[in-house]
Amino acid sequence: MIAILRRELSGYFNSAIAYVVLAVYFFFSGFSFHDTCFLGDSTNLSPVFAFMFYIIMFIIPVLTMKTFAEEKRQKTDQALLTSPVSLTEIVLGKFLGALIIYALCCLIFVVYAVVISFFAPPQWSLVLCTLLGIFLLGMCMISVNIFISALTESMVVAAVVGMGAGLLIATMNNFISVIPVKWITDTLEKISMLNYYTNFTYGIVSPADVVFYLSVTALFLFFTVLSLEKRRWS
């Protein structure tokens with residue numbers, strides 16, 4: 001798994017993907033930070049986190065689009081699938097590679113909190129709770145998009161479908177308010193990532209919220225392993 005992880009990180013930084021994702025993430029978070037905290041004369045980072053929720057839905061598909069789709073396009077997936085490494089280790093290696101890049105993106109919020117501390121004491125508990133929430137959200141979305149990448153050999157298709165899935169997740173609560181069928185709305189509320197993320201923005205770390213994100217992550221990583229297993233024997 002370590003070899004796969006190193007290969008993934010090397011691939012990210014040898015191409016433009018890591019730099020583009022970091023630059024876009026830093027640009028939009030910096031823009032929101034400047035608009036909210038400097039122009040708005042506020043020490044509250046919550047609006048910045050809320051804004052980045054929607055940006056994440058479009059950045060992560062770009063980060064993960066090549067994980068398996070590029071392997072299929074270059075016909076290197078056969079060598080990967082027949083290597084003396086389990087499918088679980090392959091999936092985890094690629095997942096952790098993307099997760100490390102995403103974690104580097106999230107660290108910018110610590111910098112923002114330090115900047116704020118020069119003017120007023122930031123609410124560190126709230127900042128760290130929200131940071132944990134946005135990290136878990138990203139982790140979950142990475143697993144979803146890696147699964148999407150495993151289903152196609154086109155990076156463009158993987159990115160577009162991933163963005164579509166992100167848009168659906170981001171707007172799911174809008175459907176809840178218009179659907180008249182109660183059991184459907186109850187189900188949507190239970191699986192809405194935004195609902196679980198909101199608790200973190202209030203400084204609340206609920207075990208149920210953490211378990212939800214970890215469970216969804218594990219579920220889609222398992223789906224990815226199954227898709228690779230099917231491809232190996234096809």
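Keep in mind the model is a prediction, meaning the values are calculated, not measured. Because only heavy atoms are used, hydrogens play no part in the values below, and waters and symmetry mates are left out as well, while side chains stay in.
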Exercise. Is any side-chain heavy atom of Ile56 less than 4.5 Å from a side-chain heavy atom of Tyr102?
Worked result: yes
For this session: Answer with yes or no whether the hydrophobic clustering places Tyr54 together with Phe31; edges join I, L, V, M, F, W, Y residues whose side-chain heavy atoms lie under 4.5 Å apart.
Result: no
For this session: List in chain and number order the residues that pass ring-ring contact (aromatic ring centres under 6.0 Å, His included) with Phe49, two or more places apart in sequence or in another chain; answer none if no residue qualifies.
Result: Phe109
For this session: Provide the full list of side-chain hydrogen bond (donor to acceptor under 3.5 Å, both in side chains) pairs with a residue in residues 212-221, sequence neighbours left out, each pair given once.
Result: none
Seminar exercise, completed: Value for CE (Met193) from CG (Leu168), rounded to nearest 0.5 Å, stands at 10.0 Å
Problem set entry | side-chain hydrogen bond (donor to acceptor under 3.5 Å, both in side chains) partners for Asp35, two or more places apart | none
Seminar exercise, completed: Rounding to 0.5 Å, atoms OG (Ser86) and CG (Leu92) come to a distance of 8.0 Å
For this session: State, yes or no, whether a side-chain contact exists between Lys94 and Thr64 at a heavy-atom distance under 4.5 Å.
Result: no
Problem set entry | Any donor-acceptor N/O pair, Ser32 side chain to Phe28 backbone, under 3.5 Å | no
Exercise. Do Leu221 and Ile100 share a hydrophobic cluster (ILVMFWY, side-chain heavy atoms under 4.5 Å, transitive)?
Worked result: yes
For this session: Considering non-hydrogen atoms only, spot the tightest contact between Thr224 and Ser227 and give its length.
Result: O-OG, 2.7 Å
Exercise. Excluding sequence neighbours, so at least two apart, what forms ring-ring contact (aromatic ring centres under 6.0 Å, His included) with Phe33?
Worked result: Phe38, Tyr112
For this session: For side-chain contact (heavy atoms from CB on, under 4.5 Å), just list the numbers for Leu214 and Met139, CA-CA rounded to whole Å, side-chain angles, deciding distance to a tenth of an Å, and then say yes or no.
Result: CA-CA 8 Å; Leu214 292 178; Met139 179 180 69; 3.4 Å; yes
Problem set entry | Same cluster (ILVMFWY, side-chain, under 4.5 Å), Val156 and Val21 | no
Exercise. Roughly how far, to the nearest 0.5 Å, is CG of Leu131 from CG of Leu107?
Worked result: 7.5 Å
Problem set entry | Tyr12 (side chain) donor-acceptor with Arg7 (main chain) under 3.5 angstrom | no
For this session: For the residue pair Leu9 and Ile101, establish whether any side-chain heavy-atom pair is separated by less than 4.5 Å.
Result: yes
Problem set entry | Taking every non-hydrogen atom, the tightest pair across Pro61 and Ala159 | CB-O, 3.5 Å
Problem set entry | Over all atoms of both residues, closest heavy-atom pair of Ile142 and Leu99 | CD1-CA, 3.8 Å
Problem set entry | Straight-line distance of Ser143 OG to Ile148 CD1, nearest 0.5 Å | 9.5 Å
For this session: Give a yes or no on whether Glu89 atom CD has more than 12 heavy-atom contacts from other residues, nucleotides or ligands under 6.0 Å away.
Result: yes
Problem set entry | Exercise: identify the closest heavy-atom pair between Cys129 and Val205 | SG-CG2, 3.4 Å
Exercise. With hydrophobic residues grouped by side-chain heavy-atom distances under 4.5 Å, do Val144 and Val211 end up in a single group?
Worked result: no
For this session: Before giving the answer on side-chain contact (heavy atoms from CB on, under 4.5 Å), spell out for Val210 and Phe200 the whole-Å C-alpha distance, their side-chain angles and the decisive distance to 0.1 Å.
Result: CA-CA 10 Å; Val210 175; Phe200 289 97; 4.1 Å; yes
Exercise. For the side-chain contact (heavy atoms from CB on, under 4.5 Å) test, which of Thr171, Leu137, Asn145, Leu167 pairs with Met57?
Worked result: Leu137
Exercise. For Phe53, which residues count as a ring-ring contact (aromatic ring centres under 6.0 Å, His included) partner, sequence neighbours excluded?
Worked result: Tyr197
Problem set entry | Hydrophobic cluster membership, Met155 vs Val160, 4.5 Å side-chain cutoff | no
Exercise. So do Tyr196 and Leu136 actually touch side chain to side chain, heavy atoms under 4.5 Å?
Worked result: no
Problem set entry | Phe220 ring center near Phe223 ring center (under 6.0 Å) | yes
For this session: Indicate yes or no for a side-chain donor-acceptor contact from Ser149 to the backbone of Ile146 under 3.5 Å, with no hydrogens or angles considered.
Result: no
Problem set entry | Minimum heavy-atom distance Leu228-Leu87, with the two atoms named | C-CD1, 4.0 Å
Problem set entry | Note, Thr67 side chain near Glu8 side chain (heavy atom, < 4.5 Å) | yes
For this session: Please round to the nearest 0.5 Å and tell me the distance separating atom CD1 of Ile108 and atom CE of Met52.
Result: 10.0 Å
Exercise. Say you draw a straight line from CG of Asn199 to CG of Asp209; how long is it, rounded to the nearest 0.5 Å?
Worked result: 4.5 Å
Exercise. For the residue pair Val127 and Ala113, what are the closest heavy atoms and their distance?
Worked result: CG1-CB, 4.2 Å
Problem set entry | Phe51 side chain reached by Ser29 side chain, heavy atoms, under 4.5 Å | no
Problem set entry | Tyr19: ring-ring contact (aromatic ring centres under 6.0 Å, His included) partners, not counting sequence neighbours | Phe13
For this session: Let me see the working for Leu126 and Ser46 under side-chain contact (heavy atoms from CB on, under 4.5 Å), right down to the final yes or no.
Result: CA-CA 8 Å; Leu126 182 60; Ser46 294; 3.8 Å; yes
Exercise. Tell me, do Val20 and Ile17 make a side-chain contact under 4.5 Å, heavy atoms counted?
Worked result: no
Problem set entry | From CA spacing to verdict: side-chain contact (heavy atoms from CB on, under 4.5 Å), Tyr25, Cys106 | CA-CA 9 Å; Tyr25 195 97; Cys106 293; 4.0 Å; yes
Exercise. Leu151 versus Val157: any side-chain heavy-atom pair under 4.5 Å?
Worked result: no
